[in-house]
Amino acid sequence: MKKLRSQNWFGKQGKDGFIYRAWMKNQGFPSDEFQGKPVIGICNTWSELTPCNAHFRELAESVKRGVWEAGGFPLEFPVMSLGETLIKPTAMLYRNLASMDAEESIRANPIDGVVLLGGCDKTTPSILMGACSVDLPTIFLSGGPMLTGKYRGKDIGTSDVWRFTEAQKKGQITQEEFFQAEACMCRSRGHCAVMGTASTMACMIESLGLSLSDNAAIPAADSRRKMLAQLTGRRVVEMVKEDLKLSQILTREAFENSIRVNAAIGGSTNFVIHLLAIAARIGTDLELDDFDKLSIDVPLLANLQPSGKYMMEDFYYAGGLPSIIKELLPKLHKTAITVTGESVESNVSEAECFNRDVIGSLDKPFKNDSGIAVVKGNLCENGAIIKPSAATPELMVHTGKAVVFEDIEDYKARIDDPKLDVDETCILVLKNVGPKGYPGMPEVGNMGLPKKVLDKGVSDMVRISDGRMSGTAFGTVFLHVSPEAAAGGTLAIVQSGDLIEIDVPNRKLELKISDDEIANRKLQWKAPDLGYKRGYVQLYINHVEQAHVGADLDFLKGNSGSTVNRDSH
Ligand code: FES
């Protein structure tokens, strides 16, 4: 085993070594814990303000058990935690800040290997981005999904938030029933129980080769989650001995595998923005177009909400992600190395499918359309995305009149106005919800339909914005338009009444006005005053990049390694 990084602290002679060891001894650790044992940092996004991660202190104890057993020395530390449901104005505003916390906490401390504990949507990409910029031996443990919700004899999950809201808007359920549904939906520890962003992120981790098998789908409340935590603790100690770092696992092949797996599971559109940011941190070339090219021949195998019927709990019992990966092997880089030290193929050699209704096969997929389509045109020169499996097939080729909302407040003020000139053939356009414009790129792209359209029994319309969409949402929704309106993209000058042409099979999204008119309107356009003058938000606005490259801060891309040359004492 090469010299442990932690010995640059605990193995020192003289005053510095005295200080590093003495203050650790106040926790009751004997000297031999510091002598030659791999120190494993457990990077914990536990917080009671992140309900999906509220069980993580317990999970960390199971990780520690595994680390002790394998001869390591575990030390748990907190980092900024982002609770999707509580943080205002949007957790995405702080993803990059949380990644800085994770990066600096890992590098600055006497850590030889890391276990990352993430669950709720942004906690997973943020700490992985930070860890990539340090590049130590690192393994991920996800928190696991909630048990399936039960409401009046029916299975429910997070995607039902949208259904309950529309049913209440239409007067189909009472306020009392609406309240009851809340507790029925979130009835156990864990993150959202559908293939929303958190489950997508957990699958991303497993398909990149960054966790042990089954990490994505074991429910948080299932005792096998704790077993996995213990095994993860054991394994990271071995990874330190093998010096198996993130950069050896996160190769171009691993990213390609993950994109294909994401297509097969009908993963969230947020996968795109986070994977691009992760690739840029570790230094692997990845472009927006890769998501379309690599997923085009992958059918949808997982029949999971919001694209399908089942929940993450069903997915686990049906065989989970290993079963999908095994089925997809002919389309994957089978020899890509993972945290186990073994290949993707070898990790899933024992995997089986126990329910073909939940997990289809390549011969009999759940749907032929999957993945992410990347469209381009004068309305989105750098691209925009749509998830075909969650959209209405009849709307994939469509021309309609734009109904424009200048920002989310304008949308909220007018969407249900009976005088709004809109019908189901129109295209709802929402501006200024991009990375800079909101700021923070909230999940409002799947804006609800106008009441007068809903009243006709219509459940989908084309919607376009520079924002994101919740992984639990569905509809014919074009997202991540780049450049965004606040950066002067063509989206900024769309007016109500303009015609917009959509052609997903040909990957086109066009504003049907002349180039001269576009240029003329752009000359009249003035950048909005976003009103932030100080602090992190101003730093974010000044440095955030556009969605098509991952919306990271420009100065955070890349990797500074794990070396720290100076002692402070
Ligand atoms: Fe945390 Fe959905 S709100 S995962």
Side-chain angles (χ1 to χ4, degrees), residues 44-57 59 79-95 98 116-128 140-149 155-165 181-206 211 215-222 225 262 265-271 273-274 304-307 310-313 315-316 321 387 390 440-446 468-474:
N44 200 340
T45 52
W46 167 86
S47 166
E48 288 176 338
L49 290 168
T50 305
C52 307
N53 297 14
H55 59 298
F56 279 19
R57 297 298 311 280
L59 216 48
V79 289
M80 185 181 192
S81 186
L82 304 174
E84 199 64 29
T85 51
L86 298 181
I87 283 196
K88 290 185 182 186
T90 173
M92 184 64 178
L93 177 60
Y94 303 106
R95 182 199 66 179
L116 301 173
L117 291 192
C120 198
D121 299 11
K122 305 301 175 297
T123 58
T124 296
S126 61
I127 56 178
L128 179 56
F140 207 105
L141 177 70
S142 300
M146 289 180 209
L147 297 174
T148 302
D155 287 353
I156 59 168
T158 318
S159 294
D160 290 288
V161 168
W162 315 106
R163 297 188 184 98
F164 284 126
T165 308
E182 292 168 4
C184 297
M185 194 175 75
C186 299
R187 72 182 179 100
S188 85
R189 53 172 60 189
H191 60 69
C192 292
V194 299
M195 187 49 78
T197 303
S199 296
T200 300
M201 288 295 98
C203 290
M204 173 190 82
I205 292 294
E206 193 169 332
S211 70
N215 172 67
I218 301 175
D222 193 307
R225 175 66 52 187
N262 189 63
I265 60 172
S268 156
T269 48
N270 286 317
F271 171 80
I273 205 158
H274 298 319
L304 299 173
Q305 288 196 30
S307 299
Y310 293 102
M311 304 287 178
M312 288 300 289
E313 193 182 344
F315 183 46
Y316 177 53
L321 201 68
K387 182 174 169 182
M441 209 180 172
E443 293 183 331
V444 294
N446 58 312
R468 296 178 302 116
M469 165 169 100
S470 163
T472 63
F474 41 85

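Remember, it's 1-based here, ligands and their atoms both numbered in the order they're listed. Model, not experiment: these values are computed from the prediction.
One of the N, O or S atoms belonging to Cys192 lies under 2.8 Å away from atom 2 (Fe) of ligand 1. Metal site remark for atom 1 (Fe) of ligand 1: Cys52 contributes an N, O or S atom at a distance under 2.8 Å.
Numbered from 1 in the order shown, with element, the atoms of ligand 1 that lie under 4.0 Å from a heavy atom of Glu84 read 3 (S). The distance from ligand 1 to the heavy atoms of His191 drops below 4.0 Å at these ligand atoms: 4 (S). Ligand-side atoms of ligand 1 in range of Thr85: 3 (S), range being under 4.0 angstrom from any heavy atom. Here is the list of ligand 1 atoms found below 4.0 Å of a heavy atom in Ala198: 4 (S). Atoms of ligand 1 found under 4.0 Å from any heavy atom of Asp121 (numbered from 1 in listed order, with element): 2 (Fe), 4 (S). Here is the list of ligand 1 atoms found below 4.0 Å of a heavy atom in Cys120: 1 (Fe), 3 (S), 4 (S).
Exactly one of Thr158, Thr148, Leu304 qualifies for a side chain to side chain contact (heavy atoms under 4.5 Å, CB included) with Met311. That residue is Thr148. Each of Asn44, Leu141, Asn53 was compared with Leu59 under the side chain to side chain contact (heavy atoms under 4.5 Å, CB included) criterion, and only Leu141 meets it.
Checking Thr50 against Ser81 by side-chain atom types alone, a donor-acceptor pair falls below 3.5 Å.
If you take OG1 on Thr124 and NE2 on His191, they are separated by 7.0 Å, rounding to the nearest 0.5 Å.
Using a distance-only test at 3.5 Å, with no hydrogens or angles considered, no donor-acceptor pair links the side chain of Lys387 to the main chain of Phe474.
With salt bridges taken as basic N to acidic carboxylate O contacts below 4.0 Å, none links Asp222 and Arg225.
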